Amino acid sequence: MPRGAELAIGHSLGGMALGLAVERLAPARAVYSDPAWPLGQAGSVDPAVFVEFQQASRAMIAELNPRWEDADVDVEVATLAAWDPGTALALSGENAVDRTPAAPVVPSLVQVADPSFLISDELKGELERRGFTIRTVKGAGHTIHRDDFEAFMASLDGWV
């Protein structure tokens with residue numbers, strides 16, 4: 001396991017994984033891009049719903065993500081085809097617990113989509129109180145880096 005990287009970035013479930021591993025990885029900084037931490041909170045999304053999405057057609061993905069390039073849609077189609085839906089089911093039901101960190105282990109930025117179905121305004125405030133830097137990427141959906149790459153990069157300005 002590599003330790004001490006300058007930067008570690010995790011998106012969605014990757015943000016959850018990074019939050020669980022950041023102490024062992026010991027990066028200088030961490031970026032959590034619309035992380036899936038609050039799965040266990042009341043009213044949060046049950047990861048089991050994503051299992052049905054594995055069968056989404058290319059046209060449906062393109063329609064749901066009008067700002068994506070064709071290459072991004074192709075990557076999503078390929079990713080869904082290779083994805084093991086057991087990963088979502090493993091985080092569902094009794095395993096859907098809130099994994100929001102109590103405090104950042106290293107200097108940490110949380111990029112929040114706008115709107116975000118994962119990070120509420122209330123949670124943004126709580127994360128700031130816990131010591132996280134919060135930057136909302138206006139108009140970007142959950143996959144911030146694909147929805148608006150320039151705004152994704154701009155949200156890192158002065159931080160990375």
Side-chain angles (χ1 to χ4, degrees), residues 1-2 5 7-22 25 27 30-101 108-124 126-127 132-157 159-160:
M1 169 172 35
L7 178 67
I9 299 177
H11 166 253
S12 192
L13 291 175
M16 178 191 292
L18 177 57
L20 295 170
V22 70
L25 294 173
V31 174
Y32 301 95
S33 188
D34 216 31
W37 291 329
L39 293 178
Q41 292 184 354
S44 67
V45 174
D46 184 339
V49 302
F50 298 115
V51 173
E52 294 176 25
F53 193 70
Q54 186 177 31
Q55 304 306 315
S57 68
R58 186 184 193 293
M60 180 183 195
I61 293 167
E63 183 178 326
L64 289 171
N65 302 286
R67 297 173 72 181
W68 287 12
E69 304 277 334
D70 287 343
D72 292 321
V73 176
D74 292 339
V75 166
E76 188 71 9
V77 169
T79 300
L80 287 171
W83 174 59
D84 176 2
T87 59
L89 296 175
L91 296 169
S92 186
E94 65 186 33
N95 295 321
V97 297
D98 187 350
R99 291 178 174 83
T100 305
S108 298
L109 170 67
V110 179
Q111 294 173 310
V112 181
D114 179 40
S116 174
F117 64 87
L118 292 168
I119 308 294
S120 66
D121 287 341
E122 179 181 63
L123 182 54
K124 285 195 299 188
E126 180 58 31
L127 290 168
F132 290 88
T133 299
I134 307 297
R135 297 207 178 148
T136 301
V137 183
K138 298 285 184 191
H142 176 61
T143 313
I144 298 169
H145 56 283
R146 286 188 185 155
D147 286 349
D148 191 339
F149 185 73
E150 288 181 21
F152 168 81
M153 294 302 290
S155 75
L156 299 173
D157 282 351
W159 196 86
V160 171

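Here, residue 1 is the first one in the sequence, and each next residue gets the next number. Since the model is a prediction, treat every value here as computed from it, not as a measurement.
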- Check for a donor-acceptor pair, side chain of Q111 on one end and backbone N or O of V31 on the other, with a separation under 3.5 Å.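 Here the side-chain-to-backbone pair does not exist.
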- Task: Apply side chain to side chain donor-acceptor pair (under 3.5 Å) to N95 and list each qualifying residue two or more places apart in sequence or on a separate chain.
- Result: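 For N95, no residue satisfies side chain to side chain donor-acceptor pair (under 3.5 Å) once neighbours in sequence are set aside.
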- Message: Using only atom types and a distance under 3.5 Å, with no angle test, would you say the side chain of R135 pairs donor to acceptor with the backbone of A154?
- Response: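 No; zero donor-acceptor contacts below 3.5 Å.
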- Task: Run the numbers on L18 and L25 for side-chain contact (heavy atoms from CB on, under 4.5 Å), then give the verdict.
- Result: CA-CA 9 Å; L18 177 57; L25 294 173; 3.9 Å; yes
- Measure across L118 and P38 and return the closest heavy-atom pair with its distance rounded to 0.1 Å.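 L118 and P38 have their closest heavy atoms at O-CG, 3.0 Å.
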In residues 7-15, what donor-acceptor pairs under 3.5 Å come from side-chain atoms, sequence neighbours left out?
| from | atom 1 | to | atom 2 | distance (Å) |
| --- | --- | --- | --- | --- |
| H11 | NE2 | H142 | O | 3.0 |
| S12 | OG | H142 | NE2 | 2.8 |

- Query: D72: what forms a side chain to side chain donor-acceptor pair (under 3.5 Å) with it, not counting sequence neighbours?
  - Reply: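 For D72 there are no side chain to side chain donor-acceptor pair (under 3.5 Å) partners, ignoring immediate neighbours.
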- Query: Which atom names give the shortest non-hydrogen contact between F132 and P101, and what distance separates them?
  - Reply: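 Closest pair (atom of F132, atom of P101, distance): CZ-CB, 3.8 Å.
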- Note, D34 side chain near V112 side chain (heavy atom, < 4.5 Å):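 In short, these two side chains touch, coming nearer than 4.5 Å.
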- Do the side-chain N and O atoms of T136 and D114 include a donor-acceptor pair separated by under 3.5 angstrom?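 The answer is no; no qualifying pair exists.
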- Taking the side chain as every heavy atom from C-beta outward, state whether L64 and F53 have any atom pair closer than 4.5 Å.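 Yes. Closest side-chain heavy atoms under 4.5 Å.
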- Message: Less than 3.5 Å apart, any donor N or O on the side chain of W68 or D147 sitting next to an acceptor on the other?
- Response: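 Per modelled atom types, W68 and D147 side chains form a pair under 3.5 Å.
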- Which heavy-atom pair separates V137 from A151 by the least distance, and what is that distance?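 So the two residues come closest at CG1-CB, 3.5 Å.
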- Query: Could you give the distance from CG (L127) to CG (L123), rounded to the nearest 0.5 Å?
  - Reply: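 Here the interatomic distance stands at 4.0 Å.
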- Task: Determine the minimum heavy-atom distance between A113 and G141, stating which atoms define it.
- Result: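 Result for this residue pair: CB-O, 3.2 Å.
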- Query: Residues in side chain to side chain donor-acceptor pair (under 3.5 Å) with Q54, at least two apart?
  - Reply: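 Result, side chain to side chain donor-acceptor pair (under 3.5 Å) vs Q54: none returned.
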- Query: Taking the side chain from R99 and the backbone from M16, do they hold a donor-acceptor pair closer than 3.5 Å?
  - Reply: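 No: the side chain of R99 does not pair with the backbone of M16.
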Side-chain donor-acceptor pairs under 3.5 Å in residues 76-91, sequence neighbours left out?
| from | atom 1 | to | atom 2 | distance (Å) |
| --- | --- | --- | --- | --- |
| E76 | OE1 | R146 | NH1 | 2.6 |
| T79 | OG1 | V75 | O | 2.7 |
| W83 | NE1 | T87 | OG1 | 2.8 |
| D84 | OD1 | G86 | N | 2.8 |
| T87 | OG1 | D84 | O | 2.9 |

- Message: Just to verify, what does M153 make a side chain to side chain contact (heavy atoms under 4.5 Å, CB included) with, not counting sequence neighbours?
- Response: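 So M153 forms a side chain to side chain contact (heavy atoms under 4.5 Å, CB included) with F149, L156.
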- Identify the two heavy atoms, one from W159 and one from A30, that lie closest to each other, and give their separation to 0.1 Å.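 In terms of heavy atoms, the two residues are closest at CH2-O, 3.2 Å.
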